[in-house]
Amino acid sequence: MRLLPLVAGSLLTTLAFSLHAHNHDHHHHGHNGHDHDHGHKHEHGDSLGAHQHGVANLNLVLEGSTLAIELESPADNLVGFEYLPSTDADKAKVREVMASLRQADTLFQFPAAAGCSLDQVELQSPLFSAVEHSHKHDHDHGHAHKHKHDHDHDHDHKHDHDHAHNDIEAHYHFTCTNVAALNQIELKLFESFPRTEKLLLQAITPTGQQGGELSPAQNLIRF
Ligand SMILES: [Zn+2]
């Protein structure tokens with residue numbers, strides 16, 4: 001009697017295995033016929049929620065002398081593409097964007113009297129991880145086995161390339177010595193990243209919450 005579940009179990013394993021193999025094949029075909037896979041692309045887009053190219057979220061929290069700013073943006077707005085970089089040119093572009101995002105004073109301009117200075121920047125994106133990975137990979141080049149593994153990895157990345165929308169998150173922490181003088185913030189990031197057309201602002205300050213839309217023509221947050 002115990003034989004039946006066992007058989008069923010091994011059948012399932014076999015079935016799962018052949019399904020897996022089939023899927024794998026399917027993906028290869030999909031890779032060649034990129035345009036036929038658009039359905040998948042939409043699924044991915046939906047799962048990320050409101051990811052609309054040209055639009056980004058800007059969340060701002062002022063608490064005591066600490067100002068936290070969080071930018072959540074489709075990678076396209078900042079980099080010009082959303083696939084994981086594979087060519088040297090793509091990787092150079094991604095590194096350039098990382099460097100620009102770290103230059104907080106070129107993105108946000110505070111009244112000088114507020115005495116705000118940058119404490120910390122944290123950047124997160126699959127595109128950034130890809131650049132950092134490949135950097136590490138160069139150092140590990142000696143290991144043939146690892147090298148082989150990395151090729152598989154690259155394949156997966158190309159796969160993402162066809163389907164994925166990717167976001168970039170940038171977190172900034174500032175300390176302001178005279179918060180009373182912080183009556184506005186001018187957003188210069190529209191100039192640094194002209195593909196960004198609209199920022200959806202959520203701000204929490206001691207005087208309350210405010211939301212709104214910012215654009216190159218309306219780039220001032222007033223408190
Ligand atoms: Zn996208």
Side-chain angles (χ1 to χ4, degrees), residues 23 26-60 68-104 106-108 121-135 137 152-172 187-203 211-219 221:
N23 267 341
H26 170 73
H27 282 302
H28 276 287
H29 286 292
H31 186 66
N32 293 333
H34 172 191
D35 284 339
H36 296 285
D37 273 349
H38 261 262
H40 291 285
K41 201 167 188 169
H42 284 286
E43 280 172 33
H44 277 273
D46 289 348
S47 71
L48 275 173
H51 170 116
Q52 188 185 343
H53 292 187
V55 182
N57 293 313
L58 191 75
N59 303 313
L60 187 153
I69 299 180
E70 182 184 72
L71 174 70
E72 288 176 326
S73 173
D76 185 78
N77 294 4
L78 309 180
V79 184
F81 58 80
E82 295 197 340
Y83 54 82
L84 298 176
S86 55
T87 67
D88 285 346
D90 287 348
K91 286 177 183 172
K93 178 63 187 166
V94 169
R95 289 200 178 94
E96 185 190 307
V97 167
M98 291 174 83
S100 299
L101 285 172
R102 289 184 194 284
Q103 299 290 316
T106 66
L107 308 177
F108 311 106
V121 185
E122 272 176 51
L123 304 178
Q124 283 181 350
S125 174
L127 277 72
F128 297 162
S129 302
V131 167
E132 280 153 8
H133 273 191
S134 74
H135 196 64
H137 167 66
D152 289 345
H153 205 58
D154 280 349
H155 181 76
D156 284 341
H157 282 199
K158 286 206 184 88
H159 197 68
D160 286 343
H161 179 298
D162 288 341
H163 299 290
H165 284 260
N166 283 306
D167 289 318
I168 289 175
E169 284 184 32
H171 298 250
Y172 301 90
L187 289 170
K188 311 289 274 185
L189 79 86
F190 291 111
E191 292 161 35
S192 304
F193 300 108
R195 292 173 75 89
T196 304
E197 295 160 8
K198 190 161 62 168
L199 288 175
L200 305 176
L201 172 72
Q202 281 292 331
E213 285 187 13
L214 297 153
S215 65
Q218 181 55 262
N219 67 342
I221 304 170

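Below, each value reflects all heavy atoms present in this structure, side chains not excepted, and no hydrogens, waters or symmetry copies. Counting starts at 1 for both ligands and their atoms, following the listed order.
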Donor-acceptor pair, distance only, cut-off 3.5 Å: does the side chain of N77 make one with the backbone of V55? yes

By atom name, which N, O or S atom belonging to H165 lies closest to the Zn ion (ligand 1)? ND1

Between E82 and N166, is there a donor-acceptor pair closer than 3.5 Å when you use the side chain of the first and the backbone of the second? yes

For the Zn ion (ligand 1), which N, O or S atom of H53 is at the shortest distance? NE2

Taking N, O or S atoms only and a limit of 2.8 Å, check whether E82 reaches the Zn ion (ligand 1). yes

E70: which residues meet the salt bridge (Lys or Arg N to Asp or Glu O under 4.0 Å) condition with it, sequence neighbours left out? none

Under 3.5 Å, side chain of N219 to main-chain N/O of L187, donor-acceptor pair present? yes

